[in-house]
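What follows is a set of notes on a single structure, which appears directly below.
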Amino acid sequence: MGDTQIQNRFPFTTTTEAIAHGDGHGHAHDHPQPQERPPSPEDDPEVMYWDRRTEGIANLLIRKGYFTADGVRREIERIEARTPMLGARVVAKAWTDPAFKARLLKDAKAACTELGIDVSAVNHLTVLENTERVHHAVVCTLCSCYPRPLLGEPPWWYKSTAYRNRVVVSPRRVLAESFGTTLPEDIELRVVDSTADSRFLVLPRRPAGSEGWSQEDLMKLVTRDSMVGVSEVLSPAEVAR
Amino acid sequence: MATRGTAGTRHTVATRYPVGGRVRVAETIRPGHIRTPLFLLGKRGEIAALQGEFLSPEQMAYHEEGPPIPLYLVAFEAGEVWGGQVPRADRGFKIYAELYEDWLSPL
């Protein structure tokens, strides 16, 4: 299955050894070329095994009448219909409505529900506000926890061993070399690991030059990656209103 | 089906650590399904927030039921977690992770 949401190629190998030896730079001289496509899960014998097992169990349950093939398809369709536009709506609303932003930072699930976004699938939702002083980047070092009700399915690099291992060791370098995001030296960088019940959404900084924009126009500035904290939002000059 | 824990600000269980409190993560892992990253074992951190109370994933993984456990967002200095292994350009960042109260002890 192709991932249509890929915005960033992830040029890292899956080893973390290079970090300890101070050689973790991502450019290509004397190094293997970056992967041209995400590793296809279907190529992995272990994934093949689990795929077949899942299919076998699903077919049995369908035959026994617990659910239908169409029911499974509908559920997959529902899951895959969620896109980062939902998160962008939340961010644009927070940028333009200080009272909403205060509610969002205090109880993010309630604030999203207010906007008609179904976040019932997560136990707890925490919104992390980026400011001039603090920048947040989100990872799940254990698996692939991600604020799916707001951003949809995670991009492949978010699930990669390379990102998960490296961003908690050398985050400035990962952000700079893999995502082209150079943070000011004096900013406090917080890497937030989704280890338990909360899912984390970054509330990026509103860019200068977007004063007076409508929520609908502001949404165009808010990218998926900016809500994971690996990039800033687009600049107003990049977006047609 | 049991509810998967209460989120939010109301708490029925007394919590052991205040925001700003210093804690240490347990030094040894436990058998079974755990949600504590191994790189944080034995590390010292500071309570950044109380996230709520949630059923223990260690029990839920085996269909056991227990009382909800307070869950904290805990902040760790990169130097505390990795020592001298952090590349120079990266010194000074913080790692935040959610940890259940029974993995923490006071400092």
Side-chain angles (χ1 to χ4, degrees), chain A residues 16-25 105-110 113 119-126 128 134-143 145 164-177 182-183 185-200 229, chain B residues 2-10 25 33-41 43 45-46 48-58 60 68-103:
Chain A
T16 57
E17 246 177 45
I19 303 166
H21 298 103
D23 188 31
H25 54 131
L105 296 175
K106 193 161 177 244
D107 184 349
K109 266 185 89 167
T113 307
V119 286
S120 58
V122 298
N123 283 347
H124 193 244
L125 187 63
T126 299
L128 307 162
V134 179
H135 183 95
H136 299 86
V138 179
V139 64
C140 175
T141 60
L142 297 174
C143 46
C145 297
R164 288 158 52 206
N165 283 352
R166 295 202 53 168
V167 80
V168 287
V169 178
S170 190
R172 280 180 192 269
R173 186 179 270 177
V174 168
L175 262 53
E177 292 179 359
T182 309
L183 298 174
E185 259 183 40
D186 56 349
I187 207 163
E188 180 182 322
L189 175 55
R190 301 176 180 173
V191 179
V192 183
D193 191 355
S194 313
T195 51
D197 291 83
S198 289
R199 297 296 170 265
F200 297 95
Chain B
T3 60
R4 295 196 62 202
T6 50
T9 50
R10 271 172 297 163
V25 182
H33 174 76
I34 60 168
R35 293 297 305 179
T36 300
L38 301 188
F39 64 86
L40 294 177
L41 294 183
K43 305 301 181 189
E46 185 179 311
L50 174 63
Q51 299 291 77
E53 283 147 16
F54 299 93
L55 298 181
S56 162
E58 289 164 47
M60 286 201 299
I69 303 173
L71 178 69
Y72 301 93
L73 187 62
V74 186
F76 298 87
E77 298 288 342
E80 164 71 9
V81 176
W82 304 116
Q85 294 181 74
V86 178
R88 186 175 299 278
D90 259 301
R91 302 261 157 92
F93 70 94
K94 289 181 180 168
I95 298 171
Y96 283 67
E98 285 188 316
L99 298 161
Y100 298 91
E101 189 171 82
D102 59 334
W103 280 87

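All chains are named by letter (A, B, ...) in the order of the sequence lines, taking the proteins before the strands, and each is independently numbered beginning at 1.
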[X] versus chain A, the contacting section by heavy-atom distance below 4.5 Å:
X: L73(B); answer: side chain
X: P57(B); answer: neither
X: L71(B); answer: side chain
X: A89(B); answer: backbone
X: F39(B); answer: side chain

What's the separation between atom [atom1] in [X] and atom [atom2] in [Y], rounded to the nearest 0.5 Å?
X: Y100(B); Y: Q51(B); atom1: OH; atom2: CD; value: 10.5 Å
X: W103(B); Y: L40(B); atom1: CH2; atom2: CG; value: 10.5 Å
X: C143(A); Y: R35(B); atom1: SG; atom2: CZ; value: 4.0 Å
X: S170(A); Y: R91(B); atom1: OG; atom2: CZ; value: 10.5 Å
X: N123(A); Y: E53(B); atom1: CG; atom2: CD; value: 13.0 Å

Taking every heavy-atom pair that is under 4.5 Å apart, which of L99(B), I95(B), T36(B) has the most such pairs with chain A?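 Among the listed options, the one with the most contacts to chain A is I95(B).
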
With a 4.5 Å cut-off on heavy-atom pairs, point out which of [options] contacts chain B the most.
options: E185(A), E188(A), R172(A); value: R172(A)
options: L189(A), T195(A), D193(A); value: T195(A)
options: S194(A), A137(A), P171(A); value: P171(A)

Side chains of H33(B) and M60(B): closer than 4.5 Å at any heavy-atom pair?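 They are not in side-chain contact.
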
Look at the side chain of E98(B) and the backbone N and O of S198(A), then say whether any donor-acceptor pair between them is shorter than 3.5 Å.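 Checking the backbone N and O of S198(A) against the side chain of E98(B), a donor-acceptor pair under 3.5 Å is found.
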
